[in-house]
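Read through the structure below, which is laid out as structure tokens, and then see the notes.
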Protein chains: 2
Amino acid sequence: MKSPGKKNGSPPTIIDVANLAGVSMKTVSRVVNNEATVRAKTRERVQKAIDSLSYQRNVFARGLRADRSLVLGLLYENPQGDYPADILHGALAYCREHGYHLVVEVLRGPDMGGQTARFLSQTKLDGVFMTPPVCDNASVLKVLKNFGVSYVRISPNKPKRGEQYIAIDDFAASKEVIDYLISLGHRRIGFIKGMPGHASTQARLEGYKSALEGGEIDLDESLVVEGNFDFESGVLGAETLLALSEPPTAIFAGNDEAAAGVLSYAHSHGLSAPQDLSVCGFDGGTISKVVWPKLTTVMQPIRLLGESAVRLLIARDGNEHKAAKPVILPHTLIIGDSTARR
Amino acid sequence: MKSPGKKNGSPPTIIDVANLAGVSMKTVSRVVNNEATVRAKTRERVQKAIDSLSYQRNVFARGLRADRSLVLGLLYENPQGDYPADILHGALAYCREHGYHLVVEVLRGPDMGGQTARFLSQTKLDGVFMTPPVCDNASVLKVLKNFGVSYVRISPNKPKRGEQYIAIDDFAASKEVIDYLISLGHRRIGFIKGMPGHASTQARLEGYKSALEGGEIDLDESLVVEGNFDFESGVLGAETLLALSEPPTAIFAGNDEAAAGVLSYAHSHGLSAPQDLSVCGFDGGTISKVVWPKLTTVMQPIRLLGESAVRLLIARDGNEHKAAKPVILPHTLIIGDSTARR
DNA sequence: CTCCAAAATGACAAGGTTGTCAATTTCGGT
DNA sequence: ACCGAAATTGACAACCTTGTCATTTTGGAG
């Protein structure tokens, strides 16, 4: 079963297209690469030939000749859980659509910069994108600059003006959650922080504070406890908060996994949610849907994060100094069964 | 910061190595490709030159010239959830280690064979691996054979003797779970099946039956209900089972997600696990750890599945008729908090 | 020591694309 | 209709590796 339009076994080359369209192979190359200096009429004729032969450029020949490799890199630290997996899925889908490949490198330990350097010197990459905490690692960023590799940061810590990054509006999303809890009559709301150093940890805390202020509730520092985005920190956070002399009636955990920890602690101590305690998470992935009760949470478009990162890198690939505007993706407040009127 | 040993900007080529070692580039090529006909002494000299220049062969030039592309493919249907993500992770890691790339293709709808054919005619692949249900799709397998692409099936339905596939021993694992429940004193054990057509669905059911037999418990068909590996089917399964005039004291769901559904149904109907009902899952991923109570489940080495698939493909790439032995990976019974003595 | 087969090595081309730069065409202004 | 500048197109080399096939070297038998 051969694909239609082929005369012999081997796939059509740029020369076949050129012959059919009656132009030189260089002009075909120009069309394929979307270069500007081709007359519309010529372009159309070439495109028709491309379609009729279902020509696809040979990735290897291109990679060999051009300076671009058509390979992008994803750097991250912790390959567990929904978050990186979804990023990866989104990125892969978009890469494939556009003929790019994706290599993944997991960075670990103290010398991330060195690992990055080794990685880059072995693989010629057209661009790199990173999730926290890698995207906030100074030595990694330095190496990337030295190698002249363009990069996109996902949810970075302190993005500089004009730097290319992608994020959601953690501040606003967090504020929405707390506003919702306040609207349900809650006035003592616990907050379990995310991983220290993560940009979103800080932004979500600010959103929390801002919402309290808007609701004319005084901030009680004892209601804000440490955490790091995992199940165990949810358990510990709940333990601390519920041991207070005046415990909270609602807890906003740093993310869904931590919220699951809160639920778990509550259940095992005879508290039922949402009757005795309202719980909110953040992420909106699988976890929020399989725990009982289903979490009220913020849905992040995580796949879209990965997809957007790749889109930006591909758009920039070649066109060196494209304006680098940050991309802020939309979020959605999901009302689950884990929150109730006080 | 350049990598050590490079004189100018561009990386060393096979010619640089040849000059340094005092041989022809062809001989270097032979060493790099581990071909047999190189004298030990020569090989050593070349290897030293390779090391001192930290030469790495250009993937594109190789791909262009050689018949092999160094690209493997992963075909699957449903890119959601832990399972495919973990497969992908394991596969990607091993690919990178060995200089291979990985492209991912999601097949959907009725014409999987046609999609596969289109995919293969566009990309020269050195091998393909598939998860269920793609790996059981007859038209896909036929297309793969027609194209002469070697493939590995993960958890296939009816593997033929001598065919290359990877799986865990679902039968034994399931039996272990039921044996454990029996050892806790349970005698009425509900079983929620997995997705129809999946090999593991059948194997786990057989394991269930075998264990009952071993425990001298008569099979009650009403305790076995349909399902399809998702949360909702766990909810529905629990509803059906718990509505029986003589309901089960323990339920073994098809996988963790379905088990989470069972827990959810139980909780919302005033039953607490494990006191009123023991629940078991299957997979051992994130879900089993974030629900309350933590699930008793079977841990599958999912990442290892992906890694092994790639390992087999790479080993076979080139050496056409390597003996194709099935690979059975080990599983582990994880005792959680969702099961208790009856 | 010579000869021969087998083993080891080398010379050269080919693979499909894009960069460079030269050649040709187009088009606005006279 | 003609000129010159700008736009468009084309010829050819180069990218790096491996397959083919010829050549050289090795090592053992005579």
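Keep in mind it's a predicted model, so treat the numbers as computed, not measured.
As a whole-Å value, the separation of B:Phe60 CZ from D:dC16 C1' is 12 Å. Counting to the nearest Å, the C1' atom of D:dA14 and the CG atom of A:Leu64 are 9 Å from each other. Rounded to whole angstrom, the span from the CE atom of A:Met25 across to the P atom of D:dG10 amounts to 11 Å. We find that CD of B:Glu35 is positioned 15 Å from P of C:dA7, with the value rounded to whole Å. For B:Asn19 and C:dG10, the CG to P distance is 11 Å, given to the nearest whole Å. Counting to the nearest Å, the P atom of C:dT17 and the CD atom of A:Gln56 are 11 Å from each other. Straight-line distance from the CD atom of B:Glu44 to the P atom of C:dT9: 13 Å, rounded to whole Å. Rounded to whole Å, the distance from NZ on B:Lys41 to P on D:dT25 is 14 Å.
One finds a side-chain N or O of A:Tyr55 lying less than 4.0 angstrom from the OP1 or OP2 phosphate oxygen of C:dT17. Contact annotation: B:Arg57 side-chain N/O to D:dT18 OP1/OP2 distance is under 4.0 Å. Distances shorter than 4.0 Å separate none of the side-chain N or O atoms of A:Thr27 from OP1 or OP2 on D:dT9. At the phosphate of D:dG10, OP1 or OP2 sits under 4.0 Å from a side-chain N or O atom of A:Ser24. Taking only side-chain nitrogens and oxygens, A:Thr42 never comes nearer than 4.0 Å to OP1 or OP2 of D:dT8. At C:dT18, one or more side-chain N or O atoms of A:Asn33 fall inside 4.0 Å of OP1 or OP2 (strictly under the cut-off).
Contact of B:Arg39 with C:dA8 (side chain to base): no donor-acceptor pair of N or O atoms is detected under 3.5 Å. A donor and an acceptor atom sit less than 3.5 Å apart, one in the side chain of A:Arg30 and one in the base of D:dG10.
Residue-level contact check: B:Thr13 touches the backbone only, with heavy atoms under 4.0 Å from sugar-phosphate atoms and none from bases. Looking at heavy-atom distances under 4.0 Å, B:Val32 makes no contact with the nucleic acid at all.
Judged by distance alone, with hydrogens and angles left aside, the side-chain atoms of B:Thr116 form a donor-acceptor pair with the main-chain N or O of B:Met112 at under 3.5 Å.
No side-chain heavy atom of B:Asp16 sits under 4.5 Å from any side-chain heavy atom of B:Tyr55. The shortest distance between side-chain heavy atoms of A:Arg303 and A:Asp86 falls below 4.5 Å. A 4.5 Å side-chain heavy-atom check between A:Leu75 and A:Gln115 finds every atom pair outside the cut-off.
Sequence order on DNA chain C of the closest nucleotides to B:Arg43 and B:Ala61 puts B:Arg43 first from the 5' end. Toward the 5′ end of DNA chain D lies the nearest nucleotide of A:Gly22, the other residue of the pair B:Asn58 and A:Gly22 mapping further downstream.
Comparing D:dA11, D:dC15, D:dG19 against the side chain of A:Lys26 picks out D:dA11 as the nearest. Of the candidate nucleotides D:dT9, C:dT18, D:dT18, D:dT18 has the atom nearest to the side chain of B:Arg62.
Salt bridge status for A:Asp136 with A:Arg153: present, with a side-chain N to carboxylate O gap under 4.0 Å.
Here the OH-CG distance, from A:Tyr83 to A:Leu305, works out to 5.0 Å after rounding to the nearest 0.5 Å.
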